[in-house]
Amino acid sequence: MTGMFWNLLLALAWAALSGSFTGMNLLAGFCFGYFALMVLQKQVPALKGYSRRLPRLMAFLFFFIRELVKSNLRVAYDIATPVWHMKPGVIAFPLEARSDMEIMFVSSLISLTPGTLSLDVSDDRRVLFIHAMFLQDEEQLRADLRELERRILKVMR
Amino acid sequence: METLMAYVIGLLFAASIYMMLRRSIVKLVIGLIILSNAANLLIFVVSGLTRGAPPLIPEGTAEAAGAVADPLPQALILTAIVIAFSVLAFAVVLIRRAYEVVGTDDLAQMKDTDT
Amino acid sequence: MLNIAINLVYLMFSLALLFSFIRLTLGPSLADRVVALELIASVVVGFVGVHAIDTGVSSFLDVAIVIALTAFLAAIGFARFLERGGVKDE
Amino acid sequence: MSELIVSVLLVSGASFVILAALGILRLPDLPTRMHASTKAGAMGAILIMSAVALHFSESTVVARAIAFIIFILLTTPIAAHVIGRAGYRTGAELWDGTIKDELRERYDPGTHQLESGLEGKTEGGMPLQPSDRSEM
Amino acid sequence: MNLELVLPILIPLTAGALSLAFWRSVRVQRLLAVIATGLLLGVSIWLMRSTIAQGFLVVEVGSWPAPFSIVLVSDVLGAIMIVLTSIIGLAIAIYSLASTPPGHEKFGYYPLMHLLLAGVSGAFLTGDIFNLFVWFEVMLLASFALLTLGGERAQMEGAIKYVTLNLFSSAIFLSAVGLLYGMVGTLNMADIAQKVSQVEDPGMVTVVSLLFMVSFGIKAAAFPLFFWLPASYHTPQVAVSALFAGLLTKVGVYALYRVFTLIFTQDVGYTHTIMLWAATITMLTGVLGAAAQFEFRRILSFHIVSQIGYMLLGLALFTPLALIGGVFYIMHHIIVKTNLFLVSGITYRLLGSYELKNLGGVYRQRPYLALLFLIPALSLAGIPPLSGFFAKFVVIRASLEASEYFISGIALLVGLLTLYSMIKIWAEVFWKKVPEHVTDVSRLNGEVKDPRSWAFYVPVVGLAFCTLIIGLYGQPIYVLAETAADQLMNPQLYIEAVLGGQSK
Amino acid sequence: MMLLAVLSGFLLAIAVPVLYRLAGNYIGWVLALLPASLTGYFLNLIPSITGGQTLVIEHQWMPSLGVSLDFMVDGLSLVFALLISAIGTFILIYAGSYLKGHRDLGRFYVIMLSFMASMLGLVLSDNLITFFVFWELTSITSYLLIGFNHEDAEARKFALQGLFVTAGGGLVLMAGLILLIFMTGSYSFSDILASDQPLHEHSYYVGATVCILIGAFTKSAQVPFHFWLPNAMAAPTPVSAFLHSATMVKAGVYLLARLNSSMGEHELWSNALMFFGAATMLTGAYLAFSSTGIKKVLAYSTIMALGTLTMLIGVGTEKATTAFICFLVAHSLYKGALFMIAGALDHETGTKDITRMGGLRRAMPNTAIITCLAALSLAGLPPLFGFVAKELLLESLLQSPSWSLVLVTMAVVASMLVVAVAGIVFIKPFFGPISTTPKHPHEAPFAMLVGPAVLSVIALVFGVAPFLPGALVLDAAVSSIYGNSVETALALWHGVNVPLMLSAVSLLAGTMLFASWHKLQPALDTVNSSVSRVGPEAGYFRFMLGITQVASWQTRLLQNGVLGIYLVTLVLVTFGLVGYTLLTRHGLDLSFDFSNGYFYEFGIALLIVASTVFASVTSSRLGSVASVGVQGFGVALIFIHFSAPDLGITQLLVETLTVILLVLVLFRLPPFVSLSSPLERSRDLTVAVFAGTVMTLLMLAVLDIQYFESISSYYIENSYELAFGKNIVNVILVDFRQLDTLGEIFVLGLAALGVYSMLKLKAEEQHKP
Amino acid sequence: MNSNTLILHTAALAIMPLQLMFSVFLLLRGHDEPGGGFIGGLVAASAFVLYAFAFGARPTRRLMRVNPRDLLAAGLLFGLASTLPALLSGQPMLTAHWWQLPLPGEGYLKLSTVLIFDIGVYLAVLGTLMTFVIGLMESGE
Ligand code: NA
Ligand code: NA
């Protein structure tokens with residue numbers, strides 16, 4: 001099931017890359033994707049319930065792009081102005097995410113969001129350490145992060 | 001631009017030679033990297049620089065649209081890059097082994113084999 | 001107008017290259033240099049994109065894709081060096 | 001019209017890039033510089049690629065631009081994370097204005113163990129095992 | 001389709017790739033080594049016969065017309081070099097069966113050997129200046145790997161110098177190709193030659209030709225560019241030294257012969273005079289270097305340098321006779337020098353050292369080995385009627401003919417000093433008693449026997465036989481050199497053969 | 001047949017190991033059959049030669065090179081051939097006994113036979129180059145013979161000395177012969193002798209003469225090259241007997257005689273021969289007199305004889321030529337005999353020192369008689385052939401057209417010394433009180449006496465009947481040297497004349513000298529040792545030492561092991577040559593016209609420059625590596641910007657991987673430390689800047705020049721049509737120039753192999769038990 | 001020290017197939033657009049380098065199953081195999097041969113010695129680079 005999903009995705013990506021969505025090309029993409037996955041077989045963790053996630057994914061993308069622009073501007077503003085407004089620090093952020101893939105996505109998206117940067121995960125994988133640029137209101141930040149994580153998990157679970 | 005590049009490439013040669021003359025084997029390797037870049041750029045520049053016309057034949061046509069950059073030196077440089085990379089990879093491992101075996105990274109101390 | 005924008009963007013990228021290169025030279029830590037190197041890769045991507053528009057040759061896009069797929073490896077390599085306790089020289 | 005949008009995308013992309021560059025030049029410590037470079041750099045690249053996609057408006061180009069954006073989104077945070085982590089662990093100095101560091105006390109530079117502070121607590125009955133995949 | 005022109009490259013390439021594929025089976029690799037080099041020898045003789053029959057063989061690789069394709073060309077000089085390469089290849093392949101340490105065999109010795117031969121063959125056969133660069137690099141990389149195989153300290157030190165100086169040479173070569181291409185817009189050597197001859201103001205051509213001269217001069221180990229050779233040639237295992245000694249520098253010499261007869265003849269008075277003095281000092285410094293050495297392979301290494309001087313002298317004098325002498329010298333030298341290294345390997349095996357002070361007693365225990373040393377050694381020293389005498393005789397005659405008395409004098413003096421070195425080895429290794437501090441003489445006495453020790457002697461005997469043949473039955477060899485020189489002196493023939501109707 | 005005659009020695013040499021096994025102790029006798037039959041063969045040729053004929057037998061060898069196995073037999077070569085084969089016969093017999101049971105007897109015969117064959121080839125060759133081939137072969141074989149006792153360091157040293165002097169002279173001779181070939185346009189002695197070209201007027205004459213003389217003088221041990229010969233006494237006695245009687249040392253004299261009729265009759269030739277010959281004669285005689293070792297005495301007297309022979313050729317008159325041939329034959333006979341006797345004495349008494357011998361006539365009566373004959377001949381007393389020769393010598397000197405008085409005086413002094421020497425050789429050992437010697441003396445075996453006996457008897461016969469050799473072959477020999485037909489009419493008794501009186505004087509004085517020999521010894525030793533410090537032999541050793549010193553000095557200077565210095569040399573040579581040539585052949589195109597560049601291109605250029613400079617100056621390794629990465633990005637941007645997307649991609653990928661490799665490797669390496677001094681840094685900087693400047697100038701010069709249209713238009717036009725590809729660069733790589741790429745992947749593979757073995761081989765070996 | 005984080009591990013698994021796929025893509029269309037065997041091979045190598053950085057050398061060997069050296073040998077043999085058709089048909093060395101294989105549906109599969117050669121280049125590059133990287137990582141970094 002999971003393999004099939006990735007395989008299709010790869011086939012689509014193939015077609016997208018080559019810019020030709022003919023049947024032949026999709027087949028070729030499928031084949032190469034299959035090849036790529038074959039190589040990875042043992043290492044790919046199980047992923048289930050793909051079909052439910054597509055709408056959530058769309059919603060999430062919207063949310064994320066908004067966040068991205070917003071915080072980007074905030075960081076940009078601080079860089080462009082001579083005085084530092086930032087109050088940086090490292091916080092421990094307990095994770096809801098459990099699987100490797102979830103943790104990876106959560107931390108990546110947190111990193112992608114300006115102002116926050118995933119530094120490390122505790123050895124027991126329950127806490128994500130995040131360097132934040134604007135710790136003026138830590139509670140708000142934690143809430144935002146939790147919201148982000150919740151939305152990601154919704155897409156992935 | 002060719003004129004400017006002539007100066008840049010001269011500088012690259014100078015820097016590479018300077019680095020190769022250092023006594024540290026690591027600097028020697030860095031000198032080699034710069035040297036290969038310099039030689040590649042030299043070929044590129046002396047065979048003429050063309051802006052915005054890569055030697056590709058556009059989709060749906062059988063011939064290149066108008067004058068394109070000379071593809072031959074590009075092919076040569078590509079080969080040269082690969083070769084230089086191979087050599088470099090070898091050199092990099094060589095200096096590492098040399099350091100392990102000889103116990104110094106100082107080239108001036110590696111003169112036992114000659115005299 | 002596009003032309004002006006393109007030239008402006010070239011200018012900005014040139015400056016960006018300059019700034020990031022200064023950081024690369026200043027360091028102070030290896031990680032700082034690597035960050036700068038990463039950013040330079042991004043600027044190169046930008047250059048490539050603008051150049052594609054400038055020349056009307058879309059094939060240059062592949063360069064950008066290759067950078068996106070591989071340039072971060074250098075950073076990972078450096079990080080690996082640091083984490084495994086390579087001899088630091090700063 | 002499209003030319004205008006392309007121009008705007010280009011210039012805003014370039015602005016992000018130059019902000020990123022200015023950021024890593026100006027900002028006082030490694031993590032803050034990374035805030036600037038990683039995100040703004042990626043953002044800039046994405047905007048430029050959007051401009052490219054729009055400018056050519058060909059399926060092949062668009063597809064490749066999308067592929068590029070996906071790749072950038074996948075790789076940039078990973079690189080940032082890896083460097084940030086390594087930089088932190090090897091003792092990169094934090095800026096004086098840093099107000100908080102919850103990682104410092106939980107990290108043991110000798111054993112490189114990083115505690116969560118939640119040890120002993122279980123949650124939802126899930127067994128917690130450190131990843132055993134790495135060998136080295 | 002001239003298969004015989006293609007196979008000298010394809011056979012060693014395929015053998016190399018197959019040996020690599022059979023990495024785990026040293027037995028297969030050994031077998032392959034002998035079979036492939038044997039085949040190569042057969043093909044090279046075929047090539048020689050066709051070349052003599054047709055004058056020139058040309059293949060336009062990929063069926064694209066010259067000068068757009070890479071061409072493979074065999075003239076008599078090229079064919080001679082290929083024959084020599086294959087002889088040396090076969091000799092080394094057999095010798096390696098006995099001499100190669102097991103670790104080396106397991107770590108790619110045979111593929112490296114094949115690919116070195118492939119690079120050398122490619123360099124001898126290509127008619128394209130950039131392709132020449134590629135084959136140089138194949139050869140160079142193979143030599144790098146062979147040089148470091150084993151990982152001893154001396155090997156590493158030697159290799160750093162070898163690699164660095166050769167890379168400098170490669171960079172100069174590459175730059176020179178770029179500059180030349182920028183000027184004449186072509187890479188085919190015949191085409192370049194034809195175009196260069198039409199250039200009205202050839203000053204820049206001369207400048208670029210000097211880059212080639214320096215680059216090839218480094219590969220050929222000419223004065224003052226030879227440092228890499230004595231620094232490294234004595235460090236790898238002996239079969240590798242022998243292979244290098246026979247072939248590597250000669251590729252540089254060949255390249256000089258090729259470009260400075262075919263392409264860069266527009267300012268002979270300048271370029272060849274530079275070469276003349278370089279050749280003279282090369283002879284002298286090399287032989288003096290050898291006089292200062294007391295290690296078997298180092299002495300031999302310095303003599304390579306010295307003899308490169310003779311070969312270059314042949315080119316530098318640039319008369320038909322001088323070129324004959326040069327070509328003859330190359331033929332003689334490759335066989336003799338390889339053989340001497342092989343002999344040094346046998347004495348090493350017998351007594352465990354290359355240092356003269358640790359050697360001795362070989363004449364007493366192994367008179368036939370002593371004879372096998374004397375043949376190449378005296379040949380190298382130019383003692384008649386061995387091959388080296390005729391080689392030296394022709395070169396000196398040519399230099400006297402060109403009224404270069406001083407240079408002839410130097411060449412004679414160098415001959416004497418060469419004899420001195422060979423006699424030094426003879427007296428120390430063969431005549432002298434086994435030194436008292438050498439305790440393990442079990443191999444020398446024949447108490448301990450090596451497996452496959454026949455493989456030590458077969459190539460040595462074979463090469464000594466070649467030396468004798470070149471000396472005693474020299475007429476056909478001389479005629480060959482004469483034909484080669486004749487072709488070199490008439491580049492128009494080459495150009496016509498390669499470009500056919502296109503040449504003007 | 002002639003070819004077989006010459007080469008049979010070599011063939012027999014090859015067969016020696018087998019024959020030795022078959023014949024055992026009789027090997028000497030068996031092998032002697034060859035020279036014996038050769039003697040017969042040559043004797044058989046006498047009639048045709050005396051008939052005035054010159055036999056020329058031609059065999060092809062390397063016709064294109066002018067080398068042929070042509071042989072010429074005339075009077076001169078026949079005399080030599082006879083001496084070689086006849087004396088050779090006895091030597092081989094003698095050696096079988098002298099070296100009986102010696103572990104290296106077989107090897108000895110191999111070399112001896114080769115030597116003999118080479119010597120025969122030398123005197124019989126018609127072709128100049130073949131002559132030289134045999135000439136060098138005699139040097140080599142005699143080297144092996146002198147060093148026969150090779151485990152003795154002295155033997156090795158003196159073998160080398162002999163070889164070095166003779167082979168060195170040989171090389172000079174080669175130049176002389178080549179010049180002679182240029183002068184005459186011919187490769188054969190017979191042509192040169194037959195032609196009446198005036199060689200003296202040729203511009204090469206002086207050069208050729210000097211070279212040939214040096215060659216001949218070294219070989220024939222003329223002053224100042226004489227020192228090697230006595231040292232060659234390290235050889236076993238049969239070798240000395242052969243080397244110093246008939247053969248090798250006479251090769252030079254043979255050459256002079258051979259060329260006399262073509263190259264003589266010129267002041268340079270005759271004066272040089274007379275001067276060096278006389279000097280050698282006197283030196284040899286004096287040194288013989290002052291030595292105590294029997295072999296040394298004989299060796300020095302050989303030098304005296306060689307000087308005499310040379311001098312006689314120089315005098316060049318008909319008489320002198322006759323004297324030359326007679327002296328040559330006489331010397332060969334008595335010297336061969338005396339050396340064999342010396343060997344017998346040494347063999348039977350265990351010492352070579354004459355001062356330790358005495359009264360041996362009782363123990364060795366036969367030896368004494370034979371010695372007596374030979375010594376008489378040496379002293380030039382009637383009725384031996386030595387007397388005939390000496391009378392002729394004095395007579396011819398008296399008639400010499402130049403320097404007559406000087407030469408006669410010197411000859412008389414020399415004869416006087418030789419008389420004393422003869423006394424030393426004969427009377428010292430055999431008369432007087434019996435000395436105790438290391439071995440108890442008794443008569444030598446037959447094989448060792450037959451040679452000296454026959455030779456002495458021949459000397460006696462020739463002395464009594466001097467017309468005999470004359471009629472046989474000497475006339476012909478004299479004719480071939482002199483160039484015209486000559487009748488010698490030799491006689492033992494010419495009546496009382498000036499030469500006879502001079503002989504008498506020298507005999508008297510010689511006897512007195514002999515009487516005071518013992519008393520003079522200490523004084524002579526003092527003189528000799530002080531002379532030897534500045535003499536030619538000291539010069540030889542100084543020369544050898546000098547070579548070694550110059551060699552090590554030069555090697556320390558050039559091959560000093562410092563890579564930096566090697567590289568500096570290479571760079572300076574490369575860019576010095578190129579720069580100089582650029583300035584002189586093309587001129588300077590210094591251009592600062594950057595107007596056709598866009599500002600961002602300057603930006604890229606600046607990035608490259610800045611990253612390069614930083615990579616070179618930073619003290620941080622990883623900073624340097626990162627900066628090199630940036631440089632790679634810059635280069636990639638140049639590629640991309642100037643229409644080379646494939647290059648751009650490749651450059652970026654390669655740069656990234658390079659950085660990764662460097663980082664993987666730097667892990668193990670130490671940080672940068674400043675190793676070099678500021679002086680070295682500024683030196684390197686100067687060199688580097690110089691190279692960079694030349695490279696820039698070179699590029700600027702080339703940028704203006706494009707002589708021809710590039711061939712690329714073909715690729716651009718046909719890439720799609722014929723090769724079905726739209727990426728022209730890729731089509732070139734995989735089709736038009738696929739062979740490059742094929743080579744390239746093998747380069748990659750080789751790098752992988754090299755790296756693999758470097759990384760793994762050590763580890764693997766360590767895992768072995 | 002454990003240099004690998006869960007994040008890197010997981011990301012490597014996600015990114016690697018994309019890189020591999022893209023490398024094949026670059027290989028196959030290199031004849032018409034930027035790319036080709038060399039570039040493709042380098043990108044494929046980067047994929048495995050990423051994996052090696054995340055998981056270490058030995059797991060990468062296991063993942064690849066084939067020894068990089070054998071990959072290299074295969075690449076070289078492929079490269080040589082591309083000379084065979086010309087050799088067998090008596091044409092000059094390396095003359096290109098093209099075959100069009102009809103496929104189910106519309107279109108042809110264009111096969112050629114050129115493609116075989118490019119695949120050889122791809123494999124050789126991949127094999128070489130993995131030899132470098134795995135070798136260096138294994139030899140006691
Ligand atoms: Na601010
Ligand atoms: Na092809």
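Lettering of chains follows the sequences in order, A, B, ..., and the numbering in each one begins at 1. Keep in mind that this is a model prediction, so the values were computed, not measured.
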Those residues of residues 640-658 of chain F, ordered by number, that approach chain C below 4.5 Å (heavy atom to heavy atom): F:Ile640, F:His641, F:Ser643, F:Pro645, F:Ile649, F:Leu652, F:Leu653, F:Thr656
Report, by ascending residue number, the residues of residues 683-695 of chain F in heavy-atom contact with chain C at a distance under 4.5 Å; give 'none' if the set is empty. none
Who among C:Val34, C:Leu69, C:Leu15, C:Val66 has the most heavy-atom pairs with chain F under 4.5 Å? C:Val66
Pair count under 4.5 Å, heavy atoms only, with chain F: among C:Thr25, C:Asp62, C:Thr55, C:Leu18, highest is C:Thr25
To the nearest 0.5 Å, how far apart are [atom1] in [X] and [atom2] in [Y]?
X	Y	atom1	atom2	result
F:Tyr600	C:Asp54	OH	CG	5.0 Å
C:Leu30	F:Leu622	CG	CG	5.0 Å
F:Leu606	C:Phe21	CG	CZ	8.5 Å
C:Phe81	F:Leu662	CZ	CG	11.0 Å

Could you look at C:Leu11 and say if it's the side chain, the backbone, both or neither that has a heavy atom under 4.5 Å from chain F? both
Just checking heavy atoms, which of residues 37-44 of chain C are less than 4.5 Å from chain F? C:Leu37, C:Ile40, C:Ala41, C:Val44
What parts of residues 1-10 of chain C touch chain F if we use heavy atoms and a cut-off under 4.5 Å? C:Asn7, C:Tyr10
What are the two closest non-hydrogen atoms of F:Gly623 and C:Arg33, and how far apart are they? CA-CD, 3.4 Å
For residues F:Val625 and C:Phe78, report the shortest heavy-atom separation together with the two atoms involved. CG1-CZ, 4.1 Å
For C:Leu24 and F:Ser627, run side chain to side chain contact (heavy atoms under 4.5 Å, CB included): C-alpha distance rounded to whole Å, both residues' side-chain angles, the deciding distance at 0.1 Å, then the answer. CA-CA 7 Å; C:Leu24 185 131; F:Ser627 199; 4.0 Å; yes
Counting only heavy atoms not in F:Phe614, do more than 12 fall under 6.0 Å of its CZ? yes
Contact class of F:Val659 relative to chain C, heavy atoms under 4.5 angstrom: side chain
Highest number of heavy-atom pairs under 4.5 Å with chain C among F:Ala636, F:Ala626, F:Ala615 belongs to F:Ala626
